[in-house]
Amino acid sequence: MNIVWLHRYCTHRAFTFSHPFYRFVIRNLTLRVVPEEVYVVSHLVHHAFRKKRATRTTRSAGALYCFLAGELHQPIARNLDAKDYSRVVALVDHTGVIPNSYAQYQKWGTICHPGFTYLHYALNWGFWYGAFY
């Protein structure tokens, strides 16, 4: 999984890109497995709860948690009001994800339209399949 993209940039905004092309390259540097909205929102929730209680989820298991990110992370809630939905969209607006309107979110239950997500995944997997074929 592309930890530079999902964890360092999307979740923690650890750096910026000087040009959108570089963001595109890093975003597609590996096979796409987890959508940004799934990883970012649930990872920020993880940090919020982890800070509130003393847990034993330490750095020693970090690689395992990253490896299992697709199984551990949850999609966003499907019943947010317009204000909360705009706050969630603000968490991923820097990633290049094209957000749904609030009406589209109510229909699909996602930040990004499923069609864009599936298209991006198909193109990403198609490129990497072709590169390694």
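- Of all the heavy atoms in Thr95 and Tyr9, the pair that sits closest is CA-CE2, 4.2 Å.
- Summarising the geometry, atom CZ belonging to Arg23 is positioned 9.5 Å from atom SG belonging to Cys10; distances are rounded to the nearest 0.5 Å.
- Using a 4.5 Å heavy-atom cutoff, the side chains of Leu6 and Thr11 are not in contact.
- Residues Leu31 and Asn124 share a closest heavy-atom pair of CA-OD1, 3.3 Å.
- Residues Phe127 and Phe132 share a hydrophobic cluster, clusters being chains of Ile/Leu/Val/Met/Phe/Trp/Tyr side chains in contact below 4.5 Å.
- Considering only heavy atoms from C-beta on, Arg27 comes within 4.5 Å of His120 through its side chain.
- The aromatic rings of Phe17 and Phe15 sit perpendicular to each other, their planes meeting at more than 60°, with 30° as the lower class boundary.
- Nearest heavy atoms, Gly109 versus Arg78: CA-NH1, 3.6 Å.
- Hydrophobic cluster membership is shared by Val34 and Ile3, with clusters built from Ile, Leu, Val, Met, Phe, Trp and Tyr side chains linked at under 4.5 angstrom.
- Taking Asp93 as the reference, Arg13 meet the side-chain contact (heavy atoms from CB on, under 4.5 Å) condition, with sequence neighbours excluded.
- Looking only at side-chain heavy atoms (C-beta outward), Asn100 and Thr110 come within less than 4.5 Å of each other.
- Between Trp125 and Tyr121, the distance from one ring center to the other does not fall under 6.0 angstrom.
- Within the model, atoms CD of Gln104 and NE2 of His113 stand 6.0 Å from one another, a figure rounded to the nearest 0.5 Å.
- Put simply, the side chain of Arg32 does not reach to within 4.5 Å of the side chain of Trp128, judged on heavy atoms.
- Ile111 and Leu119 fall into different hydrophobic clusters, where Ile, Leu, Val, Met, Phe, Trp and Tyr side chains are chained together by heavy-atom contacts under 4.5 Å.
- Annotation for Tyr118: atom OH does not count as buried by contact number, only 12 or fewer foreign heavy atoms lying within 6.0 Å.
- For the ring pair (Phe, Tyr, Trp, His ring centres under 6.0 Å) condition, no pair includes a residue of residues 18-37, sequence neighbours left out.
- Each of Val40 and Trp108 belongs to its own hydrophobic cluster when Ile, Leu, Val, Met, Phe, Trp and Tyr are linked at side-chain heavy-atom distances under 4.5 angstrom.
- Residues Tyr85 and Gln106 are not in side-chain contact: their nearest non-hydrogen atoms beyond the backbone lie 4.5 Å or more apart.
- The shortest distance between side-chain heavy atoms of Leu29 and Trp5 does not fall below 4.5 Å.
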